[in-house]
Trainee: 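Below you will find the structure I want to go over with you.
Residues take their numbers from the sequence shown, with the count starting at 1. Nothing here was measured: the structure is a model prediction, and the numbers come from that model.
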Amino acid sequence: MEFLKKILGIVWIILALATAYFCIVQFGFPKLQTGNQEDLVFGLIIVFILTPIVSIGLGIFGYFALKGEYDERKM
């Protein structure tokens with residue numbers, strides 16, 4: 001089970017990188033470039049608020065899973 005947790009840690013880190021890419025490149029910057037006020041606000045929220053929260057959260061969770069912090073033998 002610990003091996004599966006370490007593999008899933010790698011998956012979470014890859015998912016964090018993919019989330020950062022899609023939030024910035026697919027959702028954030030195209031909205032910032034349209035010039036509409038509603039799109040500008042949405043783009044700023046995506047790029048500067050949601051992307052760091054989601055990506056860093058997934059990355060930290062994956063790092064701890066990869067490091068072995070969630071192993072049952074440590075408890």
Side-chain angles (χ1 to χ4, degrees):
M1 190 66 166
E2 281 79 22
F3 179 72
L4 179 64
K5 290 178 186 177
K6 291 186 188 290
I7 295 296
L8 288 175
I10 295 171
V11 170
W12 286 116
I13 291 172
I14 292 171
L15 189 62
L17 294 173
T19 303
Y21 171 77
F22 281 113
C23 282
I24 292 172
V25 174
Q26 298 292 324
F27 301 126
F29 285 147
K31 290 291 185 179
L32 292 174
Q33 295 173 351
T34 61
N36 295 337
Q37 185 176 1
E38 293 121 14
D39 290 342
L40 181 64
V41 170
F42 180 72
L44 288 173
I45 290 171
I46 290 291
V47 171
F48 293 111
I49 296 173
L50 293 178
T51 300
I53 291 171
V54 172
S55 298
I56 292 172
L58 285 172
I60 289 173
F61 186 72
Y63 172 74
F64 284 147
L66 189 62
K67 189 177 173 185
E69 292 291 324
Y70 300 118
D71 290 346
E72 294 176 8
R73 60 188 157 154
K74 286 191 171 188
M75 294 187 172

Trainee: Kindly list each side-chain donor-acceptor pair under 3.5 angstrom involving residues 9-22, sequence neighbours excluded, with atom names and distances?
Mentor:
| residue | atom | partner | partner atom | Å |
| --- | --- | --- | --- | --- |
| Thr19 | OG1 | Leu15 | O | 2.6 |

Trainee: Quick one: CE on Met1 to CG on Leu8, what's the gap to the nearest 0.5 Å?
Mentor: 8.5 Å
Trainee: Is it true that a side-chain atom of Lys5 and a backbone atom of Tyr70 form a donor plus acceptor pair closer than 3.5 Å?
Mentor: yes
Trainee: Excluding sequence neighbours, so at least two apart, what forms side chain to side chain contact (heavy atoms under 4.5 Å, CB included) with Tyr63?
Mentor: Lys67
Trainee: Is there any salt bridge (Lys or Arg N to Asp or Glu O under 4.0 Å) pair reaching into residues 8-19, and which pairs are they, with sequence neighbours excluded?
Mentor: none
Trainee: Using the rule that two of Ile, Leu, Val, Met, Phe, Trp, Tyr join whenever any of their side-chain heavy atoms come within less than 4.5 Å, decide whether Leu66 and Ile7 are in one cluster.
Mentor: no
Trainee: Can you tell me how far apart CZ (Phe27) and CG (Leu50) are? Round to the nearest 0.5 Å.
Mentor: 11.0 Å
Trainee: Taking side chain as C-beta onward, heavy atoms only, is Phe29 less than 4.5 Å from Val25?
Mentor: no
Trainee: May I have all residue pairs that pass side chain to side chain donor-acceptor pair (under 3.5 Å) and include part of residues 25-35, sequence neighbours excluded?
Mentor: Thr34-Asp39
Trainee: Enumerate the salt bridge (Lys or Arg N to Asp or Glu O under 4.0 Å) contacts for residues 54-65, please, sequence neighbours excluded, ordered by first and then second residue.
Mentor: none
Trainee: Going by atom type alone, with no hydrogens or angles, which donor-acceptor pairs under 3.5 Å involve a side-chain atom of residues 40-49 and a protein atom two or more places apart or on another chain?
Mentor:
none

